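Inspection log for the structure reproduced underneath, given as structure tokens.
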Amino acid sequence: MDDEHLPETLRAVEHELTALLRRGRALSWEIAREVHPNLEPNAYGLLLWLRRSGSIRLTDLATKLGIGKGTLSRQINGLEGLGLVRRDPDPVDRRAAQLSLTEEGTRRFDAARSARLGQIRRTMESWPKQDVEAFARLLHRFNDTF
């Protein structure tokens, strides 16, 4: 479908998503550097999942993220090398490992996340509460179905 046949609202959504993604990439670089100078920007989201789950098997995390176990394993190896993530034997299946943040990983992640949440809070503090709630709900709906 060519651009002239798209509804204006759909073009507006595409434009705003492009702007959001561009800002998100720039912010990811900034936050990744706050966590660790050698951290890849896409690893921030991985650290967020690990922080939320506390401890999770690699196969379960790969499923949640929709990526292959090999790709995830390489990323985890890099995070282990930086001292941010550790693998512990899975108590149920000794062939598997449980992934979690190290104390250093948790400390660094929490500090960077606090700065990020402060920035979001400052950006949205003038918004009515119901707008913030609607924005979060709609973003979730979009991400859940995209």
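Since the structure is predicted, the reported quantities are computational estimates derived from the model, not experimental observations. Below, all heavy atoms of this structure are taken into account, side chains as well, without hydrogens, waters or symmetry copies.
- Ser53 places a side-chain N or O within donor-acceptor distance of the main-chain N or O of Trp49, the cut-off being under 3.5 Å.
- Contact record, Gly54 with Ser100: O-CB, 3.0 Å, taken as the closest heavy-atom pair.
- With hydrogens and angles ignored, the 3.5 Å screen pairs a side-chain donor or acceptor of Gln98 with a backbone N or O of Ile56.
- Distance CD/Glu34 to OH/Tyr44: 9.0 Å, rounded to 0.5 Å.
- Linking Ile, Leu, Val, Met, Phe, Trp and Tyr residues whenever their side-chain heavy atoms come within less than 4.5 Å leaves Phe109 and Trp29 in two separate clusters.
- Of the residues Leu50, Thr71, Leu84, the one that meets the side chain to side chain contact (heavy atoms under 4.5 Å, CB included) test with Ile76 is Leu50.
- Looking at heavy atoms from C-beta onward, Val85 lies out of side-chain contact with Thr102 at the 4.5 angstrom threshold.
- Contact record, Ala62 with Lys69: CB-CG, 4.1 Å, taken as the closest heavy-atom pair.
- When all heavy atoms of Pro41 and Ala32 are compared, the closest pair comes out as CA-CB, 3.6 Å.
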Item to check | Verdict with supporting geometry, Arg113 and Val35, side chain to side chain contact (heavy atoms under 4.5 Å, CB included) | outcome: CA-CA 9 Å; Arg113 186 172 186 220; Val35 173; over 6 Å; no

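- Between Glu14 and Arg11, no side-chain nitrogen of the basic residue sits less than 4.0 Å from a carboxylate oxygen of the acidic one, so the salt-bridge criterion is not met.
- With contacts defined as side-chain heavy-atom distances shorter than 4.5 Å, the pair Arg108/Leu101 does not qualify.
- Of the possible donor and acceptor atoms, none in the side chain of Asp131 sits under 3.5 Å from a partner among the backbone N and O of Trp127.
- The backbone N or O of Arg141 sits less than 3.5 Å from a side-chain atom of Thr145, completing a donor-acceptor pair.
- Contact check for Arg57 versus Leu99: no side-chain heavy atoms found under the 4.5 Å cut-off.
- Between Arg86 and Asp88 there is a salt bridge, with a side-chain nitrogen of the basic residue lying less than 4.0 Å from a carboxylate oxygen of the acidic one.
- Clustering ILVMFWY residues whenever any of their side-chain heavy atoms sit less than 4.5 angstrom apart, transitively, puts Leu139 in a cluster other than the one holding Phe142.
- A salt bridge does not link Arg95 with Asp90: every distance from a Lys NZ or Arg NE/NH1/NH2 to an Asp or Glu carboxylate oxygen is 4.0 Å or more.
- The main-chain N or O of Leu39 is found under 3.5 Å from a side-chain atom of Arg33 such that the two form a donor-acceptor pair.
- The distance from atom CD of Glu40 to atom CG of Leu82, rounded to the nearest 0.5 Å, is 9.5 Å.
- Between Arg107 and Glu103 there is no salt bridge, since no side-chain nitrogen of the basic residue lies less than 4.0 Å from a carboxylate oxygen of the acidic one.
- A salt bridge links Glu80 with Arg87; the closest basic N to acidic carboxylate O contact falls under 4.0 Å.
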Checklist entry - Do Leu46 and Asn42 pass the side chain to side chain contact (heavy atoms under 4.5 Å, CB included) test, and can you show the C-alpha distance, the side-chain angles, and the key distance before you say yes or no? => result CA-CA 7 Å; Leu46 180 55; Asn42 61 350; over 6 Å; no

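- One hydrophobic cluster holds both Leu27 and Leu47 under the rule that ILVMFWY side chains link at heavy-atom gaps under 4.5 Å.
- At least one side-chain heavy atom of Leu65 sits under 4.5 Å from a side-chain heavy atom of Leu61.
- Although no hydrogens or angles enter the test, the distance criterion places no donor-acceptor pair under 3.5 Å between the side chain of Arg52 and the main chain of Leu48.
- Nearest approach of Leu58 to Ser73, heavy atoms of both residues: CD1-CA, 3.9 Å.
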